[in-house]
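Step one of this worksheet: look at the structure below.
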Amino acid sequence: MAPAEVDLTVYPDECDAYGHLNQAAFLALFERARWEMLARGPGMDFFTRQGLWPVVRKSLVEYHAPSFPGDVLRFAQILVHLGRTSFTLRQTARRLRDDALIGTAELVFVCVDQQGAPVPVPEALPQVMADRPLAGNLRRIAVNGVNLAVDVRGQGAAILLIHGYPLDHTIWDHPLAQLDGWMRIAPDLRGMGQSDAPDLGYSMATYADDLLALLNTLGVDRVVLCGLSMGGYIAFEILRRARERVRGLVLVNTRAEADTADGRKARDAAAGQVREGGAAAIASAMLPRMLARQNAAENPALSDRVYRMMAATPVAGVLGAIGAMRDRPDSFPVLPTLGGLPALVIVGDDDQLTPEDRARAMADALPGARLSVIPGAGHLTPLERPEAVTNLLAEFLAGISLPA
Ligand code: MLT
């Protein structure tokens, strides 16, 4: 098995006239790190032993911060997608001294034989790369051809916590830790967090199928759905496909209607930004609207956490989610059909992305739903007002009747 990390030193001859690590050297260091990990693991001839060679089909390198001679960079790599003849690696370079993220690279390889024809990826590749460390309480569960990273805690009736874009399951840290008496299931969606990020194959239907398959694997028949923003769009899709499996619905900082024509154009512009500037470009563009203005001004640590989460999203996952959101159907007509389903709508009073009037419209259209507007919160209420959100969820769950 290849080591998960390798440290390389930046030399003066790799730097430009001002002393910064230059672009060509950066690419060489990423490449060097990949081969070094193979050399220290299964051997540098891992591919040639099997009569094939991995050729780069696509690469995207993001330069996050300058680096200087003498810096020691820690390179890590993870296998973010495994296809039949192709695979995707994501590499990161962090400065050892201060853990600053210096650069990331995402590379799609196709395995070819000596004639240049595509051949299957070596069977041993996942094992060779399998030491991708999963942080915290996460486990890896294979569904629909991808590995999802999932945090599962507690026993009892289940609540599925679905994050938004371009985020990960950690937005639910507080309710995950606190909602005793319930099985809390918080996955990273495909393309985000620590889940696989295939090159193609994103839609609301695919996300919903992934999550229904995940519930099947966990042996969970019925759930309370709780989705934030894009997580809400996915909840609507689950309701369309499997209403009978849902025992309650919590819509957090989301909207039911589809994108307008202008909204779709903005999605295409955002995709262009990501192709040009990587996930960091979208993270910088979105950050000012993610938190309530007061929280953004007074809580730089939270802003930084949200920025890092967004900027760490694989490009394939960001592009996939943008397309899936652009093409999602109008879910407003679903709402009046949900009579009898306990429902709660939560929004922050300074949500600039899915404002209060959208939440109110959903609560009005959902028979019997309760609306809760949380003061001092923006688009990420579970991170901005975690206790308030967990208390609302606990109260809502306590009101759900469960079979004896
Ligand atoms: C999200 O937070 O999931 C997104 O902002 C939703 C959207 O862009 O429609």
Side-chain angles (χ1 to χ4, degrees), residues 160-172 186-193 195 197 202-204 206-208 210-211 225-238 250-274 279 281-292 295-296 302-303 305-314 317-332 345-348 350-359 361-362 374 377-385 389:
L160 179 63
L161 298 155
I162 316 172
H163 66 76
Y165 151 90
L167 304 166
D168 65 37
H169 77 283
T170 60
I171 66 162
W172 302 115
D188 284 343
L189 295 169
R190 67 164 61 206
M192 297 193 220
S195 288
Y202 295 85
S203 65
M204 288 306 149
T206 316
Y207 292 123
D210 287 353
L211 298 185
L225 291 179
C226 173
L228 180 137
S229 203
M230 189 179 100
Y233 311 160
I234 298 169
F236 294 133
E237 197 58 45
I238 294 177
V250 188
L251 297 168
V252 188
N253 299 92
T254 190
R255 62 171 85 227
E257 59 276 1
D259 279 359
T260 59
D262 282 348
R264 283 197 286 274
K265 273 192 208 142
R267 299 283 188 206
D268 292 336
Q273 254 181 318
V274 178
I282 212 73
S284 304
M286 287 184 71
L287 188 63
R289 291 180 301 150
M290 292 303 264
L291 302 178
N295 296 337
L302 182 59
S303 288
R305 175 176 170 192
V306 173
Y307 175 82
R308 278 170 172 260
M309 200 189 305
M310 294 194 288
T313 308
V318 178
L319 289 173
I322 290 175
M325 289 191 291
R326 182 196 55 207
D327 298 336
R328 75 185 190 279
D330 182 9
S331 294
F332 225 91
V345 179
I346 299 175
V347 69
D350 190 21
D351 184 338
Q352 302 165 66
L353 288 172
T354 47
E356 191 180 321
D357 66 327
R358 299 297 77 220
M362 286 191 299
I374 302 193
H379 189 57
L380 298 181
T381 49
L383 288 179
E384 295 175 83
R385 292 288 174 264
V389 170

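Start at 1 and go down the list; that is how both ligands and their atoms are numbered. No hydrogens, no waters, no symmetry mates; every other heavy atom, side chains included, goes into these values. As the structure is a computational prediction, the values presented were derived from the model and not from experiment.
Less than 4.0 angstrom separates some heavy atom of Gly164 from each of these atoms of ligand 1: 3 (O). Taking a cut-off of under 4.0 Å to the non-hydrogen atoms of His379, the atoms of ligand 1 that pass are 1 (C), 2 (O), 5 (O). Proximity to Met325 (heavy-atom distance under 4.0 Å) selects the following atoms of ligand 1: 6 (C), 7 (C), 8 (O), 9 (O).
Side-chain contact check for Tyr165 versus Met310: every heavy-atom pair is 4.5 Å or farther apart. Considering only heavy atoms from C-beta on, Leu161 stays 4.5 Å or farther from His169 through its side chain. Inter-residue side-chain proximity for Cys226 and Ile162 is flagged as unmet; no heavy-atom pair is nearer than 4.5 Å. Considering only heavy atoms from C-beta on, Val347 stays 4.5 Å or farther from Thr254 through its side chain.
In this structure, a donor-acceptor pair under 3.5 Å is present between the side chains of Thr381 and Asn253. Neither side chain, Asp262 nor Thr260, offers a donor N or O lying under 3.5 Å from an acceptor on the other.
Of the protein's heavy atoms, Ser229 OG, 3.3 Å lies nearest to atom 4 (C) of ligand 1. In terms of protein heavy-atom proximity, atom 9 (O) of ligand 1 is nearest to Tyr233 OH, 2.5 Å.
Test Leu380, Asp188, Thr313, Leu189 against Leu167 for side-chain contact (heavy atoms from CB on, under 4.5 Å) and you get one pass: Leu380.
Note on ligand 1: Arg328 sits outside its first shell, no heavy atom being nearer than 4.0 Å. Ligand 1 lies out of reach of His163, whose nearest heavy atom is not under 4.0 Å from it.
Backbone and side-chain nitrogen or oxygen atoms of Met230 are examined, and one is located within less than 3.5 angstrom of a nitrogen or oxygen of ligand 1.
Residue Arg255 does not touch ligand 1, judged by heavy-atom distances below 4.0 Å. Contacts with ligand 1 closer than 4.0 Å are made by side-chain heavy atoms of Arg267 only, the backbone lying farther away.
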